[in-house]
Q: 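Can you read through this structure? Questions will come right after.
Chain naming here is simple, since letters A, B, ... match the order of the sequence lines and numbering starts at 1 in each. Please read all numbers here as calculations on a predicted model, not as lab measurements.
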Number of protein chains: 2
Amino acid sequence: MQTTIEIDKASIILKLLGDETRLTMLKLMDEHACCVCEFVEIFQISQPAISQHLRKLKDLGLVEEERRGQWIFYSMNNNHEYYAFIQSVLKQLPNQNYRIKKLEEEGTRISCC
Amino acid sequence: MQTTIEIDKASIILKLLGDETRLTMLKLMDEHACCVCEFVEIFQISQPAISQHLRKLKDLGLVEEERRGQWIFYSMNNNHEYYAFIQSVLKQLPNQNYRIKKLEEEGTRISCC
DNA sequence: TAAGTAAATAATTATATACTTATATATCAA
DNA sequence: TTGATATATAAGTATATAATTATTTACTTA
């Protein structure tokens, strides 16, 4: 269970986690594959802002993308070298599934993805 | 062992941890009370830069200061509301005690503290 | 193939961050 | 009380960050 990670690597990852939007995105992607438009709906910020957050996560290899037709779904990369480290943080955060449920209730999830 | 922390609180703490200098400082302070001049010697940055990092950590209550004569020693606040959360990160980082040993060998630790 | 939708990228901007130098404050010791 | 040392604070600067709007690219479907 106990992992080890060099301090320079850890600080780079923690800096990425140290943004409320990205941290919430990661917590969601840990359970669900999500598309950009869902995040736009959830966080109420512009589509490019979401894309840019995802870009940073992807550049570090923390998330993976998968195109499904018109949409691109993002999800946690479980094979990342420091996945266990990231998990050790995420597992302490309250579940954010209510955000997905809210999308479903509003029909925003279905309409988009 | 498992803790819970709201996502907004977590992101604020993680942002502080997401700087290599501060993360290393915290790892050191988790075991040793350290004074500002030791950090200056270790990180080879200016004294005000160290003071400013410590200020941020102190503003969040993560560290405590204790004056001993001319010096002010900083150490981890074990009673912080999110101490367990911080620990869950720090315990995965390699021990940094070699940095203290190096100071002792150089005589920098004794001369200062 | 043309129109519509999803996402990425480019360019810009405002703010935050991490540092510097200069100065102020606090303690110690002669 | 004066000089030396340790730390904090102020002010300034260069860079990083997180957002925006405008545009491009990629896919789908009529």
Q: Can you give one letter per nucleotide of nucleotides 25-30 of chain D, 5' to 3': B if a protein heavy atom sits under 4.0 Å from the base, S if only from the sugar-phosphate, - if neither?
A: --SS--
Q: Examine D:dA8: is either OP1 or OP2 under 4.0 Å from a nitrogen or oxygen in the side chain of B:Arg55? Give yes or no.
A: no
Q: Could you check whether B:Asn79 and B:Glu64, counting side-chain N and O atoms only, form a donor-acceptor pair closer than 3.5 Å?
A: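 No.
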Q: Go through residues 13-25 of chain A and report each residue with a non-hydrogen atom lying under 4.0 Å from DNA chain C, sorted by number.
A: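 Those residues: none at all.
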Q: What's the spacing between A:Asn77 CG and A:Lys58 NZ if we round to 0.5 Å?
A: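 Atom-to-atom, A:Asn77:CG and A:Lys58:NZ are 12.5 Å apart.
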Q: Report the distance from atom CD of B:Gln52 to atom C1' of C:dA16, rounded to the nearest whole Å.
A: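 Nearest whole value for this atom pair: 13 Å.
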Q: Examine distances only and state if a side-chain atom of B:Arg67 and a backbone atom of B:Ile72 form a donor-acceptor pair shorter than 3.5 Å.
A: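 Not confirmed, B:Arg67 side chain does not pair with B:Ile72 backbone.
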Q: Within the pair B:Lys56 and C:dT17, is there a side-chain N or O less than 4.0 Å away from OP1 or OP2?
A: no
Q: Check B:Ala33 against B:Arg68 and note the closest heavy-atom contact, atom names and distance.
A: CB-NH2, 3.7 Å
Q: So which nucleotide from C:dT20, D:dA8, C:dA8 ends up closest to the side chain of A:Tyr74?
A: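 That would be C:dA8.
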Q: Output the rounded distance in Å from CD (B:Glu66) to C1' (D:dA6).
A: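 After rounding, the gap between these two atoms is 15 Å.
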Q: At under 4.0 Å, does any side-chain N or O of A:His53 touch on OP1 or OP2 of D:dT17?
A: no
Q: Quick one: B:Trp71 CH2 to C:dA26 C1', roughly how many Å, whole number?
A: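 Going from CH2 in B:Trp71 over to C1' in C:dA26 covers 13 Å.
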Q: Where along residues 43-51 of chain B does a heavy atom fall under 4.0 Å from DNA chain C?
A: B:Ser46, B:Pro48, B:Ala49
Q: What I want to check is whether the side chains of B:Arg99 and B:Gln96 have a donor and an acceptor closer together than 3.5 Å.
A: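 Note: B:Arg99 and B:Gln96 side chains meet the donor-acceptor criterion.
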Q: Quick test of your reading of the model: are A:Lys102 and A:Glu104 salt-bridged, counting only N-O distances below 4.0 Å?
A: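 Salt bridge between A:Lys102 and A:Glu104, a charged N being under 4.0 Å from a carboxylate O: no.
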